[in-house]
Every structure is written in structure tokens, then in C-alpha cells.
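Step one of this worksheet: look at the structure below.
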2 protein chains.
Amino acid sequence: MEFKEAKNKFVQTWGALGSQWGINKTMAQIHALLMVSNEPVSMEDIMEELQISRGNASMNLRALMDWGIVYKEFKAGERKEFFTAEKDLDELAVKISRERSKREIKPTLKILKEVSTIEAKDSAEEKHFVDQTTKLYDFVLKADNMLDKMTEFNDNWLGKLFIKMMK
Amino acid sequence: MEFKEAKNKFVQTWGALGSQWGINKTMAQIHALLMVSNEPVSMEDIMEELQISRGNASMNLRALMDWGIVYKEFKAGERKEFFTAEKDLDELAVKISRERSKREIKPTLKILKEVSTIEAKDSAEEKHFVDQTTKLYDFVLKADNMLDKMTEFNDNWLGKLFIKMMK
DNA sequence: AATAAGTTTCAATTATTTTTGAAAGTTTAA
DNA sequence: TTAAACTTTCAAAAATAATTGAAACTTATT
């Protein structure tokens, strides 16, 4: 396989994976493209490589920057903006974890708390509901805390965790 | 908040969360409904509670069974089928992890292996590509193995992991 | 073996999400 | 202050994904 083909395959694969995880294809593709570029890339180049419109590129770059995993760069003497991706994988994973926790897990916990604390009356049905949602709340809370702890190791957290696990 | 309202809120929330994770809304809602039901539920009842068609219910129940997190049950003397969800959260998490690993992570690893092993020539661009995709391969492989190890504790793996982490 | 009870399938429809492209907005430089 | 270079916004269009519903299929009962 030659370089261009490999790069394309990687970008396509990352895009498809994104879709399966609720991230839009273009956003994942732009991220993939920036990850494997050794130099900052302009919007023009992104549009060209992925064959997408200016609006699409602009919106998805904005979203990636909101996630904190893509940065704007300025080149001396150049008017236009360039973009780079977070390339450190530990850091990338930490940022994605934090964002998803903030955006999805925390609000879900809030709802779980609410629904699990209703007055359960005496029917088996209601008791089971309260019991199950309470368990779910505890589980999700514990998982969320764990993720936090894991990524707090910061540098090479995955490796460090692996060692802890083996002991 | 009263029971019916709480139940509905839970089902809606779970459905919305599903969408954000690439799982279709109805599938997540059916799962939510079954999780908090203390008795097996018939297809009729699911259709009625979620206001969905028979075809939709059938297809999504099939998908949930393929994931191994919903089971068919038969009641003595009843012709129709009933459904229950895996209610043990450790077990549920293990099954979801295993399925996603099999369906998404493993195929991704295969592609990462392919693209990271191209002949890198001498350009900085190509070298960076190989370097970055190799790192990605290693990272994803390690994360996948870790998930496997974690869920191998099986019973109360999250709790056990928590204790290990604290040491 | 005919009928009834129940389930699955899938082409067509509907709903949702993504993408486009051009107008409006912003910034830099002359 | 004007014009050029570039970016953002958003309504409309296109693409994708989910849903319906009725026919086909399966299984149990008489």
C-alpha cells in the first residue's frame, strides 16, 4: 500500500468509526486528517482533501475546537488560519473523557437522581423501579469517578493503570 | 414526581443518551423500559408504552437480543413472547464492552495495523504518518486489552477496580 | 389440514441529521 | 476608509437513518 492510499484509508476508517459513536463523519475525518499531518493545515486544504464545502469545514472545525482537541495556528506572514490536532493520545483521551462526562454523564446523573428518589409507595413495580434506577445511579457515578481518577494520572495514564491492574 | 412521570422521564433520557452514542433511540428506550420492569413485557405492551409500530418493536428487540442484553421469555399457558433485560449492571457493561470491541475496535485495529506498516520512504510527512498511526495502534490495543482485563474480574469489577486504583 | 395467534421482513414513507453555498461578517493592509 | 482576504452563519437541499404497515411467514390449536 502506498502513502496516499493508506492516509485515505485511515481518514475514511476514522470517519466511519465516528459515526458509530455519535460523532459526525466529517468531524471525525477532519480530526483524522489533522492527526496524521506533520504540519498545520489550512481550511482550503481540508476542503480539498475531503471534498467538502467551506461551511461544513468551518462548522466542524469550530466543533473540534470546542472539544479542545484541535487548535488554530497562525503562520508568520500568512493571512489565513491553520489548524492542528492534539497529537498526544493520553491528552486526547483525557479531553474526550472530560467533555463527554460534562456533556452527557453529568446531566444523566442528575436525571437518575431525580427519578430514583420518588416516593415508592408499596407496589412491587414501583419498588423495583426505584431499586434499579438507584443501582444505575450508583454505577454510573462510580464509573464517572473512576474515569476521572484514571485520567488524573495524566501522563501515560493508560500504561500506569495497566501496571496497577497487573499487581 | 409520581411514578409514571419518573418512568417516562427515565425512558426518554435513556433514549436520548443512546442517540448520542450511536444507538438508535427506540432501541435504547426499549432497553430502558425492560430494565425498570419487574416482570417480562410483551411486544404489545412495548408498542403501547412507547407508541411504536410492531415492525419497529420487532427489529429493535432482535437487535437487543443480538447484543445479548435482552432475553426472550415464555410464560406457561401463554402463546406470546415476553422480554426481559439483563438487569445486573456489571454483566450489562461486560456484554456491551465485548460487543463493541468485537464489532468496532477489532476491525479498527486491523486497519490501523495495515496503514501503519506501509513502507515509509524518507519524507517527513510519511514518517510522521507511520509514527502517529503506530502510536494509535498501540494505544487502542492497550485500551482494548485493559477493558478485557477489567471485565474479567466479572463480579463487581468496577468496585474491585476502584479499590486497586486507590492503593 | 384449516384456522387462528403471533412474529418477521422489507419496500415505501417519514423524520432526522448533515451538507451546501451564498450572503453577511470580520480582520488586515494599503 | 476602502478593498481584498478570509471566516462564519444559516436557510434550503441532500443524504442518511429510522419507522411504518401490510404481506409473508411460523407455530400452535382445534
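Side chains included, hydrogens not; waters and symmetry mates left out as well; all remaining heavy atoms used. Chain A is the first sequence line, chain B the second, and so forth, proteins listed ahead of strands; every chain is numbered from 1.
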Please identify which of these residues, B/Lys110, B/Lys149, B/Arg98, B/Lys106, meets the salt bridge (Lys or Arg N to Asp or Glu O under 4.0 Å) condition with B/Asp144.
B/Lys106
Residues of residues 30-42 of chain B with any non-hydrogen atom less than 4.0 angstrom from an atom of DNA chain D: list those, numerically ordered, please.
none
Counting primed atoms, P, OP1 and OP2 as sugar-phosphate and everything else as base, the B/S/- map of nucleotides 19-30 of chain D against protein heavy atoms under 4.0 Å is SBB-----BB--
Would the distance check show the side chain of A/Gln132 and the main-chain N or O of B/Lys87 forming a donor-acceptor pair, the cut-off being under 3.5 Å?
yes
D/dC6 P sits how many Å from A/Glu78 CD, rounded?
8 Å
Any B/Val36 side-chain heavy atom under 4.5 Å of A/Leu136 side chain:
no
Atom-pair distance (CZ on A/Phe83; P on D/dC6), nearest Å
13 Å
A/Val41 reachable from A/Phe74 in the ILVMFWY side-chain graph, under 4.5 Å edges:
no
When you measure from the side-chain N and O atoms of A/Lys72 to the phosphate of D/dT8, is any distance below 4.0 Å, counting only OP1 and OP2?
yes
Side chains of A/Trp67 and A/Met27: closer than 4.5 Å at any heavy-atom pair?
yes
Which pairs pass salt bridge (Lys or Arg N to Asp or Glu O under 4.0 Å) with one or both residues in residues 123-143 of chain B, sequence neighbours excluded?
B/Asp131-B/Lys135
Show the numbers, then the answer: is there a side-chain contact (heavy atoms from CB on, under 4.5 Å) between A/Asn56 and A/Met47?
CA-CA 9 Å; A/Asn56 197 5; A/Met47 289 164 59; over 6 Å; no
Using a heavy-atom cut-off of 4.0 Å to chain A, what are the terminal contacting nucleotides of DNA chain C, in 5' to 3' order?
C/dT18 to C/dT28
Please check if the number of heavy atoms outside B/Lys164 that lie under 6.0 Å from its NZ is greater than 12.
yes
Identify each donor-acceptor pair in which a side-chain atom of residues 75-84 of chain A lies under 3.5 Å from a protein atom, sequence neighbours left out, and give them as a table.
from, atom 1, to, atom 2, distance (Å)
A/Glu81, OE2, A/Lys72, NZ, 3.2
A/Thr84, OG1, A/Glu73, OE2, 3.3

Considering only residues two or more places apart or on different chains, which pairs with a residue in residues 112-124 of chain A satisfy side chain to side chain donor-acceptor pair (under 3.5 Å)?
A/Glu114-B/Lys9
